[in-house]
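Notes follow the structure.
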Protein chains: 2
Amino acid sequence: MEGIGRDIMYAIARAQKALYRLIREDAARVGITEVQLIVLYTLLKKEHIRLHDLAEKLNLSNSNVSGTVDRLVSAGLVVREPSKRDRRAVILSLTEKGKETVLAAFGEQSVLRRRLQRIQELISPEEIEQFLRLQEKVKTILLGEE
Amino acid sequence: MEGIGRDIMYAIARAQKALYRLIREDAARVGITEVQLIVLYTLLKKEHIRLHDLAEKLNLSNSNVSGTVDRLVSAGLVVREPSKRDRRAVILSLTEKGKETVLAAFGEQSVLRRRLQRIQELISPEEIEQFLRLQEKVKTILLGEE
DNA sequence: CCCGAATAATTTCAATACGAATTATTTCCA
DNA sequence: TGGAAATAATTCGTATTGAAATTATTCGGG
């Protein structure tokens with residue numbers, strides 16, 4: 001692992017840690033954990049999704065999401081219901097309380113929202129576009145899909 | 001969380017997952033976990049480091065690193081010794097076996113090494129430089145240090 | 001139509017991961 | 001210098017994480 005490779009690794013890791021720290025902050029404000037908030041947000045954007053599809057969307061294992069959903073159901077934020085089309089599957093949706101929670105977390109007081117806006121103020125659209133393109137390219141090569 | 005912000009979040013998360021998957025693969029080949037390999041690698045690059053400094057370098061909590069070091073000591077890959085300068089601190093170093101393990105993990109057979117090289121073959125030095133610069137800029141803004 | 005392969009979810013287990021509390025030691029300043 | 005504040009590490013509790021095994025169901029080819 002020579003210089004450049006190491007730089008790339010550390011850069012990716014640092015950006016991710018910074019991002020998760022913000023999500024954790026917003027999540028803590030409404031009394032949940034970061035992964036729970038990410039799951040709620042995903043469900044807000046796409047209701048009635050199957051557990052497997054949710055796990056795929058989030059790049060998490062089924063077992064992981066299954067446990068997280070357990071806790072969200074216990075907290076009254078999410079409901080599980082068996083799929084009518086496929087009796088193996090379960091369909092997930094937000095409860096009213098779940099909706100309120102995610103909206104409160106990412107609402108006016110959200111640190112993450114403020115910082116993401118700041119990025120758009122301080123970095124030009126061309127550079128952001130460039131950033132996303134390179135990020136995607138690096139990811140594709142890392143996955144061996146080039 | 002509108003379009004661009006979400007794109008940035010997902011891009012960062014995806015790159016990190018791809019990276020960690022590779023590290024996990026190399027680590028599994030030598031019979032350890034990804035975090036354990038990252039710790040061993042860090043110790044290879046900087047021997048005789050204090051636990052607190054190691055945790056800081058890796059952006060991990062002290063308690064987390066303490067537990068990971070426990071397992072590495074049990075496996076005979078790392079040794080703990082009390083610092084002479086500061087009796088509160090412990091100094092960490094690799095054993096001979098620890099050195100061999102990390103060198104084997106990131107040696108010729110390393111998938112991560114191969115993919116990082118591939119990045120340098122497929123992406124121009126200017127673009128890599130640009131990538132690292134933007135990555136750093138985004139991280140700084142996310143941390144609120146702009 | 002039927003049975004083996006594939007798929008969806010859960011459970012279990014070991015390893016992260018972090019915050020809070022605790023213990024031991026050092027620092028620093030009144 | 002004496003003691004409060006800060007620092008280093010560990011322990012504890014809870015919540016991720018993913019691989020592997022398990023169960024239930026669906027799919028697909030003969």
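Every chain is numbered from 1 and lettered A, B, ... according to where its sequence line falls, protein lines coming before strand lines. Computed from a prediction, not measured in an experiment: that's the story for all the values here.
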Please enumerate all residues that pass side chain to side chain contact (heavy atoms under 4.5 Å, CB included) together with [X], with sequence neighbours excluded.
X: Arg87(A); value: none
X: Ser83(A); value: Arg85(A), Asp86(A), Ala89(A), Ile91(A)
X: Glu56(A); value: His52(A)
X: Arg14(A); value: Tyr10(A), Asn59(B), Glu136(B), Lys139(B)

Roughly, in whole Å, what's the span from [atom1] in [X] to [atom2] in [N]?
X: Leu72(A); N: dT10(C); atom1: CG; atom2: P; answer: 13 Å
X: Asp70(A); N: dT11(C); atom1: CG; atom2: C1'; answer: 10 Å
X: Asn62(A); N: dT10(C); atom1: CG; atom2: C1'; answer: 9 Å

### Query
Toward the 5' end of DNA chain C, which comes first, Arg87(B) or Asp53(A), by nearest nucleotide?
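Going by which nucleotide is closer to the 5' end, it is Asp53(A).
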### Summary
Glu121(A) meets the salt bridge (Lys or Arg N to Asp or Glu O under 4.0 Å) criterion, sequence neighbours left out, with Arg118(A)
#### Entry: By salt bridge (Lys or Arg N to Asp or Glu O under 4.0 Å) - contacts of Arg21(B) (at least two apart)
none
Between N or O atoms, less than 3.5 Å apart, protein on one side and nucleotides 2-7 of chain C on the other: list the pairs.
from, atom 1, to, atom 2, distance (Å)
dT7(C), O2, Arg88(A), NH1, 2.6

### Query
For Thr95(A), which residues count as a side-chain hydrogen bond (donor to acceptor under 3.5 Å, both in side chains) partner, sequence neighbours excluded?
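None.
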#### Entry: Sequence neighbours excluded, every pair satisfying salt bridge (charged side-chain N to carboxylate O under 4.0 Å, His left out) that has a member inside residues 97-110 of chain A
Glu47(A)-Lys99(A)
## Note on the structure
Nucleotide by nucleotide, nucleotides 13-20 of chain C touches protein heavy atoms under 4.0 Å in the pattern (B base, S sugar-phosphate only, - none) --SBBBBB
### Message
Of all nucleotides in DNA chain D that come within under 4.0 Å of a heavy atom of chain A, which is furthest toward the 5' end and which toward the 3' end?
### Response
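Under 4.0 Å from chain A, the extent on DNA chain D is dA15(D) to dT26(D).
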### Query
Below 4.0 angstrom, N of the basic side chain to O of the carboxylate: do Arg114(A) and Asp26(A) qualify?
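Looking at Arg114(A) and Asp26(A), the cut-off is not met.
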### Message
With side chain to side chain donor-acceptor pair (under 3.5 Å) as the rule and sequence neighbours excluded, what pairs involving residues 122-131 of chain A come up?
### Response
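The answer is Ser124(A)-Glu126(A), Glu127(A)-Arg133(B), Gln130(A)-Arg133(A).
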